[in-house]
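Data first, discussion second: the structure below is written as structure tokens.
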There are 4 protein chains.
Amino acid sequence: TGSPVLMWPGGIRRDHSCSSHRDLERMNMGKSGLRVSCLGLGTWVTFGSQISDEMAENLMAIAYENGVNLFDTAEVYKVYISLVTHCVLFRRSSFVITTKIYWGGQAETERGLSRKHIIEGLRGSLSRLQLDYVDIVFANRNDVNSPMEEIVRAMTFVINQGMAMYWGTSRWSAMEIMEAYSVARQFNLIPPVCEQAEYHYFQRDKVEVQLPELYHKIGQTPSYSDGVPECSRAAMKGYQWLKERVNSEDGRRQLVKIKELHLVADRLGCTAAQLAIAWCLRSEGVSSVLLGVSTTEQLLENLGALRVLSFLFFSSSSYINISIDALLGNKPHSKKELRS
Amino acid sequence: TGSPVLMWPGGIRRDHSCSSHRDLERMNMGKSGLRVSCLGLGTWVTFGSQISDEMAENLMAIAYENGVNLFDTAEVYKVYISLVTHCVLFRRSSFVITTKIYWGGQAETERGLSRKHIIEGLRGSLSRLQLDYVDIVFANRNDVNSPMEEIVRAMTFVINQGMAMYWGTSRWSAMEIMEAYSVARQFNLIPPVCEQAEYHYFQRDKVEVQLPELYHKIGQTPSYSDGVPECSRAAMKGYQWLKERVNSEDGRRQLVKIKELHLVADRLGCTAAQLAIAWCLRSEGVSSVLLGVSTTEQLLENLGALRVLSFLFFSSSSYINISIDALLGNKPHSKKELRS
Amino acid sequence: TGSPVLMWPGGIRRDHSCSSHRDLERMNMGKSGLRVSCLGLGTWVTFGSQISDEMAENLMAIAYENGVNLFDTAEVYKVYISLVTHCVLFRRSSFVITTKIYWGGQAETERGLSRKHIIEGLRGSLSRLQLDYVDIVFANRNDVNSPMEEIVRAMTFVINQGMAMYWGTSRWSAMEIMEAYSVARQFNLIPPVCEQAEYHYFQRDKVEVQLPELYHKIGQTPSYSDGVPECSRAAMKGYQWLKERVNSEDGRRQLVKIKELHLVADRLGCTAAQLAIAWCLRSEGVSSVLLGVSTTEQLLENLGALRVLSFLFFSSSSYINISIDALLGNKPHSKKELRS
Amino acid sequence: TGSPVLMWPGGIRRDHSCSSHRDLERMNMGKSGLRVSCLGLGTWVTFGSQISDEMAENLMAIAYENGVNLFDTAEVYKVYISLVTHCVLFRRSSFVITTKIYWGGQAETERGLSRKHIIEGLRGSLSRLQLDYVDIVFANRNDVNSPMEEIVRAMTFVINQGMAMYWGTSRWSAMEIMEAYSVARQFNLIPPVCEQAEYHYFQRDKVEVQLPELYHKIGQTPSYSDGVPECSRAAMKGYQWLKERVNSEDGRRQLVKIKELHLVADRLGCTAAQLAIAWCLRSEGVSSVLLGVSTTEQLLENLGALRVLSFLFFSSSSYINISIDALLGNKPHSKKELRS
């Protein structure tokens with residue numbers, strides 16, 4: 001079965017020379033100077049009420065020992081990550097913790113992306129996590145009721161207060177990211193460094209075309225403006241998305257393709273989950289894929305995706321890459337390609 | 001008898017889809033992303049030496065249970081609001097507390113809007129309220145002796161120190177708000193988010209014409225400048241203002257109209273206070289009306305205004321709206337309308 | 001004998017309507033919104049090793065009771081002002097404490113106006129004064145070895161840290177103040193609010209011509225730029241300056257004039273010190289004159305200068321004013337006047 | 001034998017009138033207002049595991065007593081400098097402590113110049129040094145993986161947090177310093193004040209030509225932009241660099257010249273190390289040379305270089321200067337000189 005994956009694209013300068021650390025290649029998170037492992041642990045999917053505290057600790061320890069330095073957590077879920085910080089083996093400076101400002105709290109003032117909720121929401125998260133700061137705070141979904149200037153000012157405030165090192169966006173459109181970036185430039189505020197986006201076999205347009213085009217546009221603004229945000233997330237969650245539409249015409253067609261991809265994986269000597277993760281990582285702008293696992297076996301299997309990546313997708317024009325594109329039949333084209 | 005009301009206009013995006021929370025419609029406070037109930041409790045009018053601590057706590061608890069999340073307090077009055085924060089039922093993030101920098105302290109350095117007084121005044125309020133921060137701090141009346149740059153820098157300072165989330169103006173002219181906004185833009189400081197203004201049957205021009213025109217003007221400045229402040233306040237205080245001029249020609253004419261409005265309320269099956277509050281809320285730019293009550297009966301009666309609003313003023317061209325305009329005979333016109 | 005006086009000019013909007021507070025007229029300190037008494041106590045001249053702690057406390061208490069709300073202190077002198085803060089009668093927000101960053105400390109890094117010395121010097125002062133902040137910190141003499149950008153950034157830093165409310169200059173040339181102002185505008189830093197300058201019968205040019213011309217120049221820059229600094233200080237210290245040159249031609253001429261001024265004072269029914277202080281205060285741009293006294297009799301006598309001011313110099317073209325100008329024969333002219 | 005030396009050029013205004021403090025001339029560090037002794041102690045070279053704690057303390061005490069006020073320390077080396085702060089004789093404000101953000105920590109997130117590593121690295125240094133702040137924090141080698149905006153923002157953050165007074169660069173190219181400076185100007189952030197560069201007999205181009213040209217270029221930008229960074233470092237470390245290439249053609253040629261320089265020193269009545277240090281200090285842009293010594297004899301000998309400087313290199317066209325240039329035969333020329 002496919003494992004849930006999350007993905008942050010954006011690391012343009014994939015520095016292969018630095019990839020020797022404990023098996024897991026390191027990349028820059030979005031446009032920041034922060035180096036993250038290309039596989040991360042998404043605690044908000046992984047943990048919760050489903051698994052025991054003991055298992056959560058086990059998973060984190062194994063992930064860390066295998067070179068994972070990126071842990072995603074969330075405002076509204078039961079979190080175990082504070083355990084990590086008590087662990088003697090882990091120095092706070094040696095790993096990256098991210099969290100999200102969630103759109104929907106209990107009271108109306110605890111929702112959206114008002115300055116009040118961004119500040120109070122992050123304060124609450126830090127208190128629950130028993131942390132002084134997170135490395136990246138994500139604005140989860142844009143809030144059309146909050147002016148962009150208020151959002152970017154509040155994010156700059158929490159960074160200037162030392163509550164976060166960076167901020168990013170999560171499930172924002174290219175248009176919204178562009179606005180955040182412009183507002184940051186207009187008022188000399190801190191721009192977002194990455195976007196966390198859904199990305200999988202059947203949802204490719206944003207990560208493969210829209211965000212790279214956004215980057216290209218911003219990259220052409222005056223010198224030194226390379227702090228452009230660019231990320232994406234793929235949530236496959238054990239093909240949950242697929243199960244929901246399996247009865248539709250589209251769903252049935254996709255199911256057929258999934259079965260073919262299983263055969264591809266078999267022939268390549270890897271699992272379908274490993275192939276799916278490696279396929280996400282092959283994309284130029286992807287910094288990291290967040291794993292959502294609940295057993296140590298699953299975790300170790302998923303981490304194996306990296307081994308697959310190195311011999312499957314060594315170049316964007318590799319044989320496997322082209323085969324899968326042909327099999328899926330949905331490779332998105334940029335507007336420029338369509339024109340030519 | 002009419003109840004005292006206070007009013008904050010400015011919530012442009014009245015989002016009717018979100019109105020289901022505990023009976024009380026939520027609106028954005030001015031141009032901020034902060035969602036407030038359209039009726040708030042104005043402690044500076046309500047409390048003081050007139051009512052007991054017990055009654056104050058009762059009123060707050062009832063208001064909160066009925067969906068009120070906005071509580072106004074003040075620098076120079078005896079305040080009970082700290083009681084709220086000790087209440088187990090209330091989370092700090094679930095409601096909005098505002099305060100004012102008052103113009104007149106005892107010593108000369110404790111007056112006006114100098115940087116010294118803004119900072120020390122707010123510090124004093126927070127200490128008395130036993131709070132770490134208020135949500136909005138209002139500059140009460142403009143201080144012509146303090147340069148606008150100093151006022152806006154000091155407000156930006158208290159926000160950057162985390163002592164307040166936003167700042168607003170109270171009883172400022174449209175001209176003064178415009179200057180504050182321009183100074184904020186010139187020096188990249190934080191602009192005010194709303195104006196608290198007087199607004200009642202016989203004082204309509206500022207809220208219905210001047211502030212909307214100001215907003216329109218600022219709204220045409222370069223992109224992302226929608227942080228424009230816009231508010232107004234109506235203090236009817238049991239028709240105190242009326243009693244003072246009842247012997248004048250104007251006063252007598254207004255008294256006649258008040259009596260007719262009582263008849264209108266009777267015919268509509270609501271009280272005169274409910275009609276007055278609903279009439280204020282019908283105005284597009286109004287975010288919230290502050291109630292000033294001293295008994296639980298009064299509070300519950302006032303809260304009923306919202307029920308009235310929904311069937312009386314469903315559109316700006318409603319029959320009731322037009323009737324009251326005819327009765328009052330003082331509907332203000334914008335300069336554009338007068339010209340055409 | 002003449003008493004030592006210090007002077008801050010700059011309060012343009014002399015608001016006579018607010019002058020009723022405890023006998024002492026209040027003015028805006030330079031271009032700030034801060035209201036100070038037009039006579040202040042200069043502890044750095046007054047105190048030191050010369051008078052007892054008890055006398056220092058007495059002087060402060062008497063000054064405060066008579067409406068003085070401005071107390072000048074200094075980095076390198078023994079200070080007693082902390083006593084004030086322990087006094088039950090005095091609220092911190094009810095008076096204004098200023099201090100200076102002195103040019104010459106023991107070590108080389110403890111001199112001048114480097115960022116290091118401004119921050120460490122002020123921290124040291126606050127620690128000795130047992131205060132959280134001063135109201136105004138003055139940069140004493142400009143330091144040509146420190147870039148102006150560094151000075152203005154450091155002053156903005158201490159204000160943003162809450163260590164001071166405002167900053168000012170002391171004994172800077174109009175040219176240097178202009179540069180500080182321009183740098184503040186260029187980098188959106190906080191400009192100085194006033195200049196503390198020497199000002200007495202025989203040193204008039206800077207306070208009466210140069211600083212007003214500077215203000216006029218800056219006043220013509222784009223809108224809202226009225227945060228222009230303008231101040232001056234007069235240190236007569238019992239005619240110390242005179243004693244030093246009494247043997248020179250100039251000195252002998254000035255001594256003759258001093259004697260004539262004593263006669264003028266006699267005829268007006270006031271003391272020579274009162275006349276000298278009132279004469280300084282008559283100048284439009286002067287916010288406050290700092291008194292340097294060592295006995296309660298001297299203090300009460302000096303405070304009497306204000307009574308003199310009101311009937312002697314009610315207008316700039318008063319008879320007394322013109323007489324003294326004639327007697328001194330050194331009225332400075334602006335370049336414009338000279339040209340016409 | 002030659003002693004290890006480190007060098008900061010940049011002090012343009014060499015103020016000879018202030019040179020009387022305890023034998024050691026004071027200069028402005030780079031373009032800042034900070035006055036440092038022209039010889040400093042480089043603890044990262046001096047100490048470590050090689051010498052005892054007692055010797056380290058001795059060296060510091062002797063250096064301080066002889067007028068040295070500049071102490072360089074480092075993030076990743078064992079440091080003794082905290083001992084200094086416990087010393088009763090030394091006030092924190094009387095000396096200058098610098099540290100570096102090192103490129104290579106253990107984990108990947110502990111490397112380079114990401115915001116995360118700059119903040120966490122400096123925090124770690126301060127904790128080890130038991131200091132509240134350092135005077136200058138250096139970015140050691142530029143990190144091409146971190147956007148320049150992120151580096152300058154992070155440096156501005158640590159300065160605004162009070163963790164450092166200034167920031168500088170170490171071993172950056174003129175091009176990279178130019179970019180840092182431009183980014184600081186573009187976003188109104190704090191520019192670096194100096195560069196720490198290698199500088200010795202056989203590595204002259206950067207300090208003598210490139211950095212002065214950079215300064216000239218930036219100096220021509222609009223007024224008040226004189227905060228330009230300019231520094232260099234010379235690490236001779238007992239001719240370690242020479243030993244490594246002694247077998248090469250170049251190495252053998254340099255060895256011959258070193259021997260001739262020993263003869264020059266003999267004839268001048270000083271040691272070769274003193275000549276080498278004085279030769280570095282003769283360069284206009286050099287603020288300070290960092291000494292790396294391990295015995296008190298070495299330290300005292302090195303400090304003697306200053307005595308040599310005053311009679312050897314009184315002017316840039318001195319006889320000794322010209323002789324050494326002829327001997328070395330490698331005087332760098334600016335592009336302008338080459339053209340003419």
* When B/Thr109 is tested against each of C/Val96, C/Asp135, C/Leu70 for side-chain contact (heavy atoms from CB on, under 4.5 Å), which residue passes? -> C/Val96
* To do: State the CG-CZ distance between C/Asp132 and B/Arg123, to the nearest 0.5 angstrom.
  => 7.5 Å
* For B/Arg153, is it the side chain, the backbone, both, or neither that has a heavy atom closer than 4.5 Å to a heavy atom of chain C? -> side chain
* **Shortest non-hydrogen separation from C/Ile159 to B/Phe157 and the atoms involved** => O-CE1, 3.3 Å
* To do: May I ask you to test the B/His117-C/Ser93 pair for a side-chain heavy-atom distance under 4.5 Å?
  => no
* Supply the atom-to-atom distance B/Ser146 OG to C/Asn28 CG, rounded to the nearest 0.5 angstrom. => 6.5 Å
* To do: Might you point out which heavy atoms bring B/Pro147 and C/Ser32 nearest each other, and give the distance in Å?
  => CD-C, 3.9 Å
* Non-hydrogen atoms of B/Glu150 and C/Leu34 that approach each other most closely -> OE2-N, 4.3 Å
* Asked: Does B/Asn160 reach the side chain of C/Asn160, with side-chain heavy atoms less than 4.5 Å apart?
  -> no
* **Rounded distance [0.5 Å steps], NZ in B/Lys116 versus CZ in C/Arg92** => 4.5 Å
* Contacting region of C/Asn69 [heavy-atom separation from chain B under 4.5 Å] -> side chain
* Evaluate the side-chain proximity of C/Arg35 to B/Ser114: yes if any heavy-atom separation is below 4.5 Å, no if none is. => no
